[in-house]
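Only one structure is covered here, and it is reproduced in the block below.
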Amino acid sequence: MTEQAQVTPAESPRDHALDRLARAAYSLSAADARLRGRATRTAGALSLTHARAMRALADQGPLTVTQLATATETTNAAATQLVNGLVNAGYVTRERSAGDKRTAVVTLTPTGTQRHRERQAVLTQALHAALSHHDTAALDAATDVLRHLAAIYDQL
């Protein structure tokens, strides 16, 4: 009788694949940090958080800071800082609500709408170019994995 080598869970192909995924997720996080850094140093650069906020405003229309915080998956305090930066860049306006003076409503400006469209076009083109060899099923699987990674990060 021949003994078969035992594969420990840490040595299994699946565990190696999960380790590669974790390392890729770290790389994605580092790339996001570099992008945030460029957004603070380079006029017109947008962090992913800025882009998320502008997309939410483009998709949903004017939002309160609380609604924008929900749409960008951040806190009200972080959304307020985000809005401050977008106001300073001329991409959004913030006005007190007529019905509730404690509430600020954030709206894309025409400049912000144009910048959002430009950013979306660049992103769409980059995704098409970089991922052209992946079919719809692979892209859907990647989307599922990324959503699960986000949930895992929220648990850490």
Side-chain angles (χ1 to χ4, degrees), residues 17-156:
L18 289 172
D19 183 61
R20 288 190 306 274
L21 177 62
R23 290 172 187 270
Y26 284 139
S27 291
L28 180 61
S29 177
D32 177 50
R34 290 189 298 274
L35 179 58
R36 279 194 315 265
R38 283 193 306 276
T40 62
R41 295 186 310 273
T42 307
L46 292 176
S47 71
L48 291 177
T49 306
H50 289 116
R52 250 188 350 259
M54 292 171 69
R55 183 169 189 165
L57 292 165
D59 290 348
Q60 300 175 41
L63 298 170
T64 66
V65 172
T66 299
Q67 292 168 327
L68 189 60
T70 299
T72 57
E73 302 180 52
T74 190
T75 64
N76 283 1
T80 297
Q81 287 185 351
L82 174 65
V83 169
N84 289 343
L86 292 171
V87 166
N88 289 339
Y91 295 146
V92 302
T93 59
R94 174 183 37 217
E95 297 178 7
R96 292 287 168 203
S97 170
D100 182 356
K101 295 295 182 192
R102 297 169 297 165
T103 303
V105 177
V106 182
T107 305
L108 275 176
T109 64
T111 301
T113 299
Q114 181 61 31
R115 182 66 177 103
H116 164 70
R117 288 180 182 148
E118 291 167 357
R119 176 71 160 53
Q120 281 302 114
V122 168
L123 178 61
T124 298
Q125 182 179 17
L127 288 169
H128 279 286
L131 303 175
S132 64
H133 60 287
H134 291 289
D135 64 14
T136 302
L139 295 174
D140 288 343
T143 299
D144 183 59
V145 168
L146 287 172
R147 294 203 186 283
H148 278 87
L149 281 172
I152 290 167
Y153 283 13
D154 284 340
Q155 295 173 7
L156 296 178

Is the shortest heavy-atom distance from the side chain of Gln125 to the side chain of His128 under 4.5 Å? no
Has Thr70 got a side-chain atom pairing as donor or acceptor with Thr66's backbone, closer than 3.5 angstrom? yes
I'd like to check Arg96 versus Val105 (side-chain heavy atoms, cut-off strictly below 4.5 Å). Are they in contact? no
Donor-acceptor contact present, side-chain Thr109 to main-chain Gly90, <3.5 Å: yes
Show the numbers, then the answer: is there a side-chain contact (heavy atoms from CB on, under 4.5 Å) between Arg55 and Gln120? CA-CA 9 Å; Arg55 183 169 189 165; Gln120 281 302 114; 3.3 Å; yes
Side chains of Thr111 and Gln114, heavy atoms from C-beta outward: is any pair under 4.5 Å? no
CZ of Arg119 to OG1 of Thr124: how many Å apart, nearest 0.5 Å? 10.0 Å
Minimum heavy-atom separation for Leu86 to Ala53, with atom names? CD1-CB, 4.0 Å
Please walk me through it: do Val92 and Leu57 pass side-chain contact (heavy atoms from CB on, under 4.5 Å)? CA-CA 9 Å; Val92 302; Leu57 292 165; 3.7 Å; yes
Exercise: identify the closest heavy-atom pair between Val83 and Arg94: CG1-NH1, 3.4 Å
When rounded to the nearest 0.5 angstrom, what is the spacing between CG in Asp32 and OG1 in Thr49? 6.0 Å
Does a side-chain heavy-atom distance below 4.5 Å link Leu28 with Leu146? yes
Separation between CG (Leu68) and OG1 (Thr64), nearest 0.5 Å, reads 8.0 Å
Sub-3.5 Å donor-acceptor pair from the side chain of Gln81 to the main-chain atoms of Ala78, do we have one? no
Determine yes or no for a side-chain-to-main-chain donor-acceptor pair under 3.5 angstrom, with Asn88 supplying the side chain and Asn84 the backbone. yes
Just by distance, do the side chain of Ser29 and the backbone of Ala25 share a donor-acceptor pair under 3.5 Å? no
Inter-residue atom distance Met54.CE - Leu82.CG, 0.5 Å rounding: 10.0 Å
So for atom NE2, which belongs to His134, do other residues, nucleotides or ligands contribute more than 12 heavy atoms lying within a distance under 6.0 Å? yes
Could you tell me which non-hydrogen atom of Tyr153 sits nearest to which non-hydrogen atom of Tyr26, and how far apart they are? OH-N, 4.2 Å
Indicate whether any N or O donor in one side chain lies under 3.5 Å from an N or O acceptor in the other, for His116 and Thr113. no
What's the spacing between Leu139 CG and Asp144 CG if we round to 0.5 Å? 12.5 Å
Check each of Leu149, Val145, Thr143 against Arg147 using the side chain to side chain contact (heavy atoms under 4.5 Å, CB included) test, and report the only one that passes. Thr143
Is there a donor-acceptor pair under 3.5 Å between the side chain of His50 and the backbone N or O of Ser47? yes
Flag, side chain of Thr107 to backbone of Pro62, donor-acceptor distance under 3.5 Å: no
In this structure, CG of Leu48 is separated from CZ of Arg36 (nearest 0.5 Å) by 8.5 Å
